[in-house]
Amino acid sequence: GTCIGLTSRIPQVYKTYTTRSAKDLSEKTLALNVTANSCFLFYTSVNLQYALMMNCFMIITLESSLIYMKYKFKHMKKSASSNSLLNLNELVDDLESDTEQ
């Protein structure tokens with residue numbers, strides 16, 4: 001169960017990284033997950049539960065990377081594909097004017 005719980009976060013980190021979009025991620029949920037796992041990490045370290053301790057550390061790392069990407073990708077400009085039709089029309093107009101001359 002610990003391994004499945006840990007690997008359940010990897011697809012979200014991968015998708016966020018590859019799409020460069022984290023706008024749908026909730027900062028509050030991510031912060032709560034980091035806080036909860038930090039508390040649990042403390043508990044597992046006091047009770048020397050190494051497997052669970054490693055799991056908590058990895059979850060904190062993955063959730064923190066999502067928080068980082070949330071703020072990093074927030075300020076990124078939209079891709080050129082969103083303007084491609086406008087740019088294509090301008091390019092066609094330029095080519096037509098060049099061929100007429």
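Looking at Asn37 and Glu63, their side chains never come closer than 4.5 Å, going by heavy atoms from C-beta outward.
Among Met69, Lys72, Lys70, Lys23, the one residue that satisfies the side chain to side chain contact (heavy atoms under 4.5 Å, CB included) test with Thr16 is Met69. The side chain to side chain contact (heavy atoms under 4.5 Å, CB included) test with Ile67 is passed by exactly one of Val34, Leu25, Asn33: Val34.
Within a 6.0 Å sphere centred on CD1 of Ile4, heavy atoms belonging to other residues, nucleotides or ligands number 12 at most.
Cluster membership check: Val46 does not share its hydrophobic cluster with Met53, using side-chain heavy-atom separations under 4.5 Å among Ile, Leu, Val, Met, Phe, Trp and Tyr. Connection of Phe40 to Leu62 is not established within any shared hydrophobic cluster, with ILVMFWY side chains joined at heavy-atom distances below 4.5 Å, either directly or through further cluster members. Follow the hydrophobic side-chain contacts under 4.5 Å out from Tyr50 and you reach Ile59 in the same cluster. Hydrophobic clustering (ILVMFWY, side-chain heavy atoms < 4.5 Å, transitive): Met54 and Phe42 are in distinct clusters. Transitive grouping of hydrophobic side chains (ILVMFWY, heavy atoms separated by less than 4.5 Å) brings Met58 and Leu48 into a common cluster.
The nearest pair of heavy atoms linking Phe73 to Tyr17 is CE1-CA, 4.3 Å.
Rounding to the nearest 0.5 Å places OG of Ser65 at 12.0 Å from CD1 of Ile60. With rounding to the nearest 0.5 angstrom, the OG atom of Ser45 is 12.5 Å from the CZ atom of Phe57.
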Item checked: Evaluation steps, side chain to side chain contact (heavy atoms under 4.5 Å, CB included), between Leu66 and Gln12 -> CA-CA 8 Å; Leu66 286 172; Gln12 182 64 59; 4.0 Å; yes
